Amino acid sequence: MRRVPAAVRSHGHLSIVGTVGRRADGTIPDDIEEQTEIAIGLIAEILRLEGFDLSALVDVTSYHVDIHRHLPGFSKIKARLINPLHPTWSLIGVSGLANPGLLVEIRATAAYPDAA
């Protein structure tokens, strides 16, 4: 089976595929806070492998199941982990994600520093 990359470099940007809050053992936490923490942690790890941290993010889109119910918990974790001035962020409510139990999926783009 062909493996899909977690991120792709193109034209000075790193596009990170949708990440979800699944634990390393494959289980899915019941609460939005843990799912959010795991998903952002996976993005942070992808960025670390490229020599960046979360401050390199320039654009993020997150997809939320039952957005009105889960937004407060999501926002609490996001505010703790992400600089409030960056990046731009779109939140989209959806009826479901790829696996039952998933509450949030986060897709992100980071920018490589401009060459001087």
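Because the structure is predicted, anything quoted here is derived from the model rather than measured.
Two residues are said to be in side-chain contact when any heavy atoms from C-beta on lie closer than 4.5 Å; Leu14 and Ile46 meet this criterion. Contact of the Gln35 side chain with the Leu102 side chain is registered, since non-hydrogen atoms from C-beta on lie closer than 4.5 Å. Side-chain atoms of Asn83 and Ser55, non-hydrogen and from C-beta on, never get closer than 4.5 Å to each other. A heavy-atom distance below 4.5 Å is found between the side chains of Ile16 and Leu47.
Residue Val20 comes nearest to Leu42 through the heavy atom pair O-CD1, 3.5 Å, listed as atom of the first residue, atom of the second, then distance. Contact detail for Ile106 and Phe74: the closest heavy-atom pair is CD1-CE1, 4.1 Å. Between Phe52 and Pro113 the shortest heavy-atom distance is CE2-CD, 3.7 Å. Minimum interatomic distance between Ala39 and Thr19 (heavy atoms only, all atoms of both residues): O-OG1, 3.3 Å. Counting all heavy atoms, side chain and backbone alike, Thr109 lies closest to Ser15 at OG1-OG, 4.2 Å. Listed here is the closest heavy atom pair of Val60 and Pro87: CG2-CG, 3.5 Å.
The distance from the CD atom of Glu105 to the CD1 atom of Ile92 is 11.0 Å, given to the nearest 0.5 Å. Distance check, rounded to the nearest 0.5 Å: CG of Asp25 to CD1 of Ile28 gives 10.5 Å. Expressed to the nearest 0.5 Å, how far NZ of Lys78 lies from CD of Glu37 amounts to 14.5 Å. The structure places OG of Ser75 at 10.0 Å from CD of Glu33, a figure rounded to the nearest 0.5 Å. Expressed to the nearest 0.5 Å, how far NZ of Lys76 lies from CG of Leu81 amounts to 11.5 Å.
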Tell me, with the steps shown, if Val65 and Leu97 meet side chain to side chain contact (heavy atoms under 4.5 Å, CB included).
CA-CA 7 Å; Val65 174; Leu97 295 168; 3.9 Å; yes

May I have the step-by-step check of side chain to side chain contact (heavy atoms under 4.5 Å, CB included) for Ile43 and Leu57, ending in yes or no?
CA-CA 10 Å; Ile43 291 169; Leu57 294 175; 4.2 Å; yes

Going through the distances and angles, do Thr88 and Asp59 end up as a side chain to side chain donor-acceptor pair (under 3.5 Å)?
CA-CA 5 Å; Thr88 62; Asp59 185 55; 2.6 Å; yes

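Within a 6.0 Å sphere centred on CZ of Arg80, other residues, nucleotides and ligands contribute more than 12 heavy atoms.
Counting only distance, with no hydrogens or angles, the side chain of His64 and the backbone of Leu103 share no donor-acceptor pair below 3.5 Å. No donor-acceptor pair under 3.5 Å is formed between the side chain of Thr27 and the backbone N or O of Arg23.
Tracing side-chain contacts under 4.5 Å through hydrophobic residues (I, L, V, M, F, W, Y), one never reaches Leu54 starting from Ile38; they form parts of separate clusters. Cluster membership for Tyr63 and Val17, using ILVMFWY side-chain heavy atoms within less than 4.5 angstrom, is not shared.
Taking the centre of each ring, His13 and Tyr112 stay at or above the 6.0 Å mark.
Ser62 and Trp89 form a side-chain donor-acceptor contact under 3.5 Å, judged by distance and modelled atom types alone.
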